[in-house]
Amino acid sequence: MMGLPLGHVTGVPGLPRTAQLKALGNGVVPPQAVAALHYLLTRLPTSAIRRLFGLAV
């Protein structure tokens, strides 16, 4: 389980196992992505975060 709902890839009708593995091979694991964003955003200055999201500085 990669943090995705059951059947996210394997429940697609007609999708062969090799295609399922290929689809998952380049995927981002959602909990890992959240951890990476949290790590980065807690270390950036507020002004950089505001510019990143297009907010007034």
Next on the checklist: So, using side chain to side chain contact (heavy atoms under 4.5 Å, CB included) as the criterion, who are the partners of Leu52 when residues are at least two apart?
Outcome noted: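 Leu52: side chain to side chain contact (heavy atoms under 4.5 Å, CB included) contacts with Leu41.
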Item to check | Results of side chain to side chain contact (heavy atoms under 4.5 Å, CB included) for Gln20 - residues two or more places apart only | outcome: Val9, Thr10, Leu15
Checklist entry - Can you tell me how far OG1 of Thr42 sits from CG of Leu37, rounded to the nearest 0.5 angstrom? => result 10.5 Å
Checklist entry - About how many Å separate OG1 of Thr46 and CZ of Arg51, when rounded to the nearest 0.5 Å? => result 10.5 Å
Item to check | Arg17 atom CZ, over 12 foreign heavy atoms within 6.0 Å | outcome: no
Next on the checklist: Can you list, by chain and residue number, the hydrophobic cluster partners of Leu40 when the side-chain cut-off is 4.5 Å?
Outcome noted: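 Tyr39, which link up through side-chain heavy atoms under 4.5 Å apart, make up the rest of the cluster.
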